[in-house]
Amino acid sequence: MKYVSTRGQAPVLSFEEAMLTGLARDGGLYVPETVPTMSADEIAGLAGLSYEEVAFKVMRPFIGEEFTDRELEACIRHAYAGFGHAARAPIKQLAANHFLLELFHGPTLAFKDFAMQLIGHLFQTALEKRGEKITIVGATSGDTGSAAIEAFRGLDNVDVFILFPHGRVSDVQRRQMTTPVEGNVHALAVDGDFDDCQARLKDMFNHFEFRDAVGLAGVNSINWARVLAQVVYYFTSAVSLGAPHRKVSFTVPTGNFGDIFAGYIAREMGLPIEKLVIATNQNDILHRTLETGVYAKAGVTPSISPSMDIQVSSNFERALFDAYGRDGAVVAKQMEDLANGEFKISQGAMEFLREVFNSGRASEDETRAAIKDVHDETGEVICPHSAVGVKVAKEHLGAVPMITLATAHPAKFPDAVKEACGMDAPLPGRMSDLFEREERVTRVPNDLTAIETLIHNRTGR
Ligand SMILES: Cc1ncc(COP(=O)(O)O)c(C=O)c1O
Ligand SMILES: N[C@@H](CCOP(=O)(O)O)C(=O)O
């Protein structure tokens with residue numbers, strides 16, 4: 001299996017190379033040259049298998065010979081062993097035709113653990129064989145950072161630097177990043193928003209002298225391996241509701257477009273998904289784009305679902321690449337236009353996107369109302385991101401079962417949850433002393449040179 005860049009100018013890589021490389025050297029994102037498919041019989045054969053067994057069958061065709069079957073099996077087994085639910089991604093019924101896919105039973109209580117725990121083990125396996133040391137830099141609006149730190153803390157051959165927007169993540173999210181004691185973990189609070197953090201990260205990847213000196217690697221959904229690991233729960237949940245004999249739809253709370261793009265890949269592989277619904281909060285650039293055909297930045301407004309406070313939605317580039325018939329030059333031009341604030345998508349590409357994706361948005365009040373309604377109707381307490389999903393999903397319910405992704409545990413956002421439905425959302429016992437632990441964080445300006453200098457100094461590279 002080979003991987004190509006969405007901008008068409010970077011070297012074609014293997015899975016392992018693409019995983020260790022992160023952002024392509026032409027600024028694009030790696031995608032598989034062709035997407036392997038599964039027949040209806042193969043999908044039907046997933047019924048009754050464990051999450052780990054499905055993960056192996058779904059991911060194996062994307063992963064080259066650099067990982068043996070044994071190595072891949074071991075990585076998958078270790079990745080999910082620490083999850084707090086035997087099913088890993090259990091499903092709950094909310095209404096007759098509406099289901100909630102709980103993706104928050106991993107160690108840091110958000111869906112990011114599904115991919116991050118796995119790539120932690122894949123990176124380790126690859127780096128040990130190669131005898132290499134790397135510097136991971138991640139940008140986070142709250143959840144990717146804690147999941148990355150959890151997956152890579154204490155490793156000798158990895159330093160991990162996480163850029164998060166100062167004052168714009170929840171207290172629980174911040175403390176998950178700032179309280180680990182391991183010396184290879186560096187939490188950096190940036191004076192800016194998530195888009196600034198992600199832009200500085202991409203600047204570092206595009207600064208080849210720095211990139212090569214520190215051995216830069218990325219674990220944001222820039223990294224194809226992150227997206228791949230997220231494809232698995234689309235299969236487990238759809239099959240548990242009767243796929244491939246029965247179609248399903250998904251609503252996905254969306255920010256950086258990685259999670260819903262994983263659903264798109266599942267659909268391309270042959271999973272019978274009728275609708276993939278993009279659910280945005282008040283930072284609704286993706287919903288507006290689907291409606292108008294113009295991707296226009298409008299500034300980020302902080303919300304009660306802070307992990308989705310994003311305007312530059314990185315993985316949308318992967319969808320555009322397919323929408324434009326895999327023409328990297330067109331994608332590169334659109335991304336160049338975005339630097340000036342917006343780009344217009346062609347009619348043909350919009351038809352492609354609208355064929356696959358639906359969309360909706362939830363205001364702050366609608367998000368709070370969805371938390372309350374779900375609690376009143378089912379007794380479940382959900383997080384604000386999941387509530388954005390539920391609100392939008394309800395507008396798209398039909399004959400086909402709808403699965404809404406519950407992307408984080410409510411305990412990560414206790415204030416918003418309490419205000420919305422009056423319920424406390426306590427942290428699980430193993431984290432109950434989170435607010436007594438000492439924080440270690442460095443405040444940094446939104447400035448490439450300052451951040452690169454800090455990383456040079458801390459790593460000695
Ligand atoms: C809790 C939560 N929900 C939803 C999202 C959106 O996911 P994506 O960025 O993959 O669209 C994120 C992060 O982005 C998140 O942390
Ligand atoms: N919501 C994310 C933003 C980064 O997303 P990623 O999937 O590209 O890593 C976060 O919590 O950090």
Side-chain angles (χ1 to χ4, degrees), residues 22-23 29 101-104 106 108-116 119 136-149 151 162-165 168-170 172-174 176-177 187 190 193-199 201-202 218-231 233 250-265 276-281 283 285-287 300 303-319 357 359 362 367 382-390 392 404-413 416:
L23 195 71
L29 303 175
L101 177 60
E102 292 187 351
L103 299 173
F104 50 72
T108 68
L109 310 179
F111 76 96
K112 310 284 177 174
D113 289 322
F114 278 90
M116 209 63 87
I119 71 169
I136 289 176
V137 182
T140 190
S141 52
D143 291 321
T144 292
S146 43
I149 288 171
I162 297 297
L163 312 175
F164 71 88
R168 292 184 182 223
V169 298
S170 79
V172 171
Q173 289 177 315
R174 189 191 68 251
Q176 285 181 315
M177 295 186 278
V190 178
D193 57 30
F194 169 77
D195 288 334
D196 295 320
C197 297
Q198 183 157 252
L201 173 62
K202 288 194 173 179
V219 294
N220 277 96
S221 53
I222 285 171
N223 195 317
W224 166 256
R226 274 277 315 280
V227 175
L228 175 60
Q230 293 173 198
V231 174
Y233 47 69
F250 287 92
T251 299
V252 188
T254 304
N256 225 6
F257 209 76
D259 210 6
I260 195 156
F261 190 76
Y264 166 78
I265 293 294
L276 274 171
V277 185
I278 298 166
T280 71
N281 67 18
N283 296 294
I285 188 163
L286 290 164
H287 175 51
V300 176
S303 77
I304 57 168
S305 45
S307 305
M308 299 182 346
D309 291 346
I310 296 174
Q311 288 285 286
V312 183
S313 189
S314 186
N315 287 283
F316 192 61
E317 178 169 344
R318 286 186 163 117
F357 300 105
S359 68
T367 305
I382 61 170
C383 93
H385 306 77
S386 314
V388 167
V390 167
V392 173
T404 297
L405 274 54
T407 48
H409 194 289
K412 293 189 103 163
F413 311 95

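Just so you know, ligand 1 is whichever comes first in the structure, and atom 1 is the first atom listed for that ligand.
Residue Gly258 places every heavy atom at 4.0 Å or more from ligand 2. Using a non-hydrogen distance threshold of 4.0 Å, Phe111 registers as a contact of ligand 1. Ligand 2 has at least one atom lying under 4.0 Å from a heavy atom of Gly142. At least one heavy atom of Lys112 sits closer than 4.0 Å to an atom of ligand 1. For Phe194, the closest heavy-atom approach to ligand 2 falls below 4.0 Å. The shell of residues lying under 4.0 angstrom from ligand 1, judged by heavy atoms, includes Pro253.
Screening Ser307, Ser146, Ser141 for a side-chain hydrogen bond (donor to acceptor under 3.5 Å, both in side chains) involving Gln173 leaves a single residue, Ser307. With respect to Leu163, the side chain to side chain contact (heavy atoms under 4.5 Å, CB included) criterion is satisfied by exactly one of Asp196, Thr140, Val190: Val190.
With rounding to the nearest 0.5 angstrom, the CD1 atom of Ile265 is 12.0 Å from the CD atom of Gln230. Rounding to the nearest 0.5 Å places CG of Leu286 at 9.5 Å from CG of Asn256. To the nearest 0.5 angstrom, Gln311 atom CD is 4.5 Å from Ile285 atom CD1. Considering CG of Asp259 and OG1 of Thr407, their distance stands at 7.5 Å, rounded to 0.5 Å. Summarising the geometry, atom CZ belonging to Phe104 is positioned 7.0 Å from atom OG belonging to Ser386; distances are rounded to the nearest 0.5 Å. From Asp309, atom CG reaches atom CG of Asn283 across 4.5 Å, with rounding to the nearest 0.5 Å.
In summary, the side chains of Lys112 and Thr144 do present a donor paired with an acceptor at a separation below 3.5 Å, with no hydrogens or angles considered. Side-chain N/O atoms of Ser314 and Lys202 include a donor and acceptor closer than 3.5 Å.
With a 4.0 Å cut-off on non-hydrogen atoms, Phe257 touches ligand 1 through its backbone and not its side chain. Looking at Thr254 against ligand 1, both its backbone and its side chain come within 4.0 Å, counting heavy atoms.
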| message | Could you go through Arg318 and Asn315, starting from their C-alpha distance and side-chain angles, then the distance that decides it, and tell me whether this counts as side chain to side chain donor-acceptor pair (under 3.5 Å)? | response | CA-CA 5 Å; Arg318 286 186 163 117; Asn315 287 283; 2.5 Å; yes
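For the pair Ser141 and ligand 1, the shortest N or O to N or O distance does not fall below 3.5 Å. Between Ile310 and ligand 1, no N or O atom pair is found at a separation short of 3.5 Å.
In this comparison of Arg226, Lys112, His385, Gln198, the heavy atom closest to atom 5 (O) of ligand 2 sits on Lys112. With Ser221, Pro306, Ser313 as candidates, the residue nearest to atom 8 (O) of ligand 2 on a non-hydrogen basis is Ser221. Checking Val169, Thr108, Thr144 against atom 4 (C) of ligand 2, the nearest heavy atom belongs to Thr144.
Remark: ligand 1 atoms within the under-4.0 Å shell around heavy atoms of Asp259 are 10 (O). Here is the list of ligand 1 atoms found below 4.0 Å of a heavy atom in Ala408: 1 (C). Contact atoms of ligand 2 toward Asn256: 4 (C), 5 (O), 6 (P), 8 (O) (distance under 4.0 Å to a heavy atom of the residue). Heavy-atom contacts of Ser307 reach the following atoms of ligand 2: 1 (N) (cutoff under 4.0 Å). Of all atoms in ligand 1, listed by their number and element, those nearer than 4.0 Å to a heavy atom of Asp143 are 1 (C), 2 (C), 15 (C), 16 (O). Residue contact check: Gly258 has heavy atoms under 4.0 Å from atoms 8 (P), 10 (O), 11 (O) of ligand 1. Set against the non-hydrogen atoms of His385, the atoms of ligand 1 under 4.0 Å away are 1 (C), 2 (C), 3 (N).
Among protein heavy atoms, atom 8 (P) of ligand 1 sits closest to Asn256 N, 3.5 Å. Of all protein heavy atoms, the one lying nearest to atom 12 (O) of ligand 2 is Thr140 OG1, 2.5 Å. Among all protein heavy atoms, the one lying closest to atom 11 (O) of ligand 2 is Asp143 N, 2.7 Å. Protein heavy atom in closest approach to atom 3 (N) of ligand 1: Thr407 OG1, 2.8 Å. The protein non-hydrogen atom at the shortest distance from atom 10 (C) of ligand 2 is Ser141 OG, 3.2 Å. In terms of protein heavy-atom proximity, atom 11 (O) of ligand 1 is nearest to Gly255 N, 2.8 Å.
Relative orientation of the Phe413 and His385 rings is tilted, given thresholds of 30° and 60° on the angle between their planes.
Here the shortest heavy-atom pairing between Ala229 and Phe114 reads CB-O, 4.1 Å. Contact detail for Ile119 and Ala225: the closest heavy-atom pair is CG2-CB, 3.7 Å.
Residues Phe257 and Phe357 place their aromatic rings such that the two centres sit under 6.0 Å apart.
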